[in-house]
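Being a predicted model, the structure only gives us computed values, none of them experimental.
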Amino acid sequence: AAAMPQVYAAERRDGGLHFDIPEQAQPAQLTVRVNSGLLGAALQAAAMLVQYPYGCTEQLAHSTVQNLVLLDLIERAGLKPEQLGPLEKTLQRAKQNAALGIRKLIQNQKADGGFALWPGDAEPSLPVTLIAMQALKYAEELKLEGTTSAYNKGSDWLAQQANTDQVLDGFTLAGYSAVGYIYQAPWERQAEFVEKVAADPQAGSEDLTAALRILTAYRNQSWHAFNQQMKNQPDLAKRLSKRLQQDRKSTRLNSSHGY
């Protein structure tokens with residue numbers, strides 16, 4: 001029978017490593033790879049992280065962020081290029097790709113600060129702007145040239161959109177929480193969404209993930225009115241995280257049984 005290689009993340013429990021493998025699987029070979037934390041895993045996958053930026057605004061953001069992740073991890077680890085050995089050239093490519101990706105991304109920013117999917121599109125899009133702004137925030141923290149002005153313009157545009165009557169779904173509300181501090185961010189609607197998800201036993205992975213992203217973003221802002229509204233539910237993030245794990249496990253089991 002044909003074999004297909006699969007990768008599973010292990011969980012350390014009861015003094016060992018535990019894998020959730022589908023019941024009908026028939027393992028023929030097991031390879032265990034141990035990395036020294038996130039940096040070790042990133043260096044193992046450095047060649048895959050380094051991507052040439054391409055495509056529309058969404059594709060540009062995602063392909064650029066991968067390069068930024070590698071740059072960020074190496075900077076946090078305090079490693080110098082000459083310490084990377086054969087990966088020094090990979091790091092140089094990551095720097096070049098990140099700079100090019102940010103330049104291309106900014107070309108898709110409109111005069112009012114919003115981002116369109118393509119440079120020729122007349123109007124900016126809120127979901128697209130949120131995706132672009134996550135990449136710009138990352139690049140701005142790494143002090144890439146030209147990002148500060150574009151990021152500030154995008155932040156102003158997002159603040160304006162938060163004060164409109166348009167419906168904001170979980171993806172959008174979570175997106176606001178991922179782009180840094182936005183003056184007049186829709187925190188009340190974010191809090192309402194989180195409370196709604198918490199009260200809905202049928203909430204799926206997408207909404208649970210969005211709610212957890214929002215809670216995580218405000219975790220270190222104890223002064224914020226969002227946290228004051230949530231103060232009666234101190235273990236909310238833990239409860240939502242447990243539900244998300246259960247939902248994902250249930251999905252995997254149903255998938256393995258062909259449901």
**OP:** May I ask you to say whether K196 pairs ionically with D200, meaning some side-chain N is under 4.0 Å from a carboxylate O?
**Re:**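 Salt bridge flag = no for D200 with K196.
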
Has [X] got a side-chain atom pairing as donor or acceptor with [Y]'s backbone, closer than 3.5 angstrom?
X    : Y    : value
S250 : Q246 : no
Y54  : G101 : no
S63  : Q51  : no
D169 : T172 : yes
N108 : C56  : no
Q134 : A178 : no
Q190 : L173 : yes

Taking atom [atom1] of [X] as the centre, does the number of heavy atoms from other residues, nucleotides or ligands within less than 6.0 Å exceed 12?
X    : atom1 : result
E141 : CD    : yes
E192 : CD    : no
E82  : CD    : yes

Quick one: closest heavy-atom pair of [X] and [Y], and the distance?
X    : Y    : value
R189 : Q166 : NH1-O, 2.9 Å
D121 : A116 : CB-CB, 3.6 Å
P53  : T64  : CB-OG1, 3.7 Å
T57  : A132 : CG2-CB, 3.8 Å
G78  : Q83  : O-OE1, 3.9 Å
A61  : I131 : CB-CG2, 3.7 Å

Does [X] belong to the same Ile/Leu/Val/Met/Phe/Trp/Tyr cluster as [Y], with side-chain heavy atoms less than 4.5 Å apart forming each link?
X    : Y    : value
V69  : I102 : yes
V194 : W187 : yes
L84  : L142 : yes
L236 : L244 : yes

Original post:
Among F226, Y176, W223, which residue meets the ring pair (Phe, Tyr, Trp, His ring centres under 6.0 Å) test with Y218?
Top reply: F226

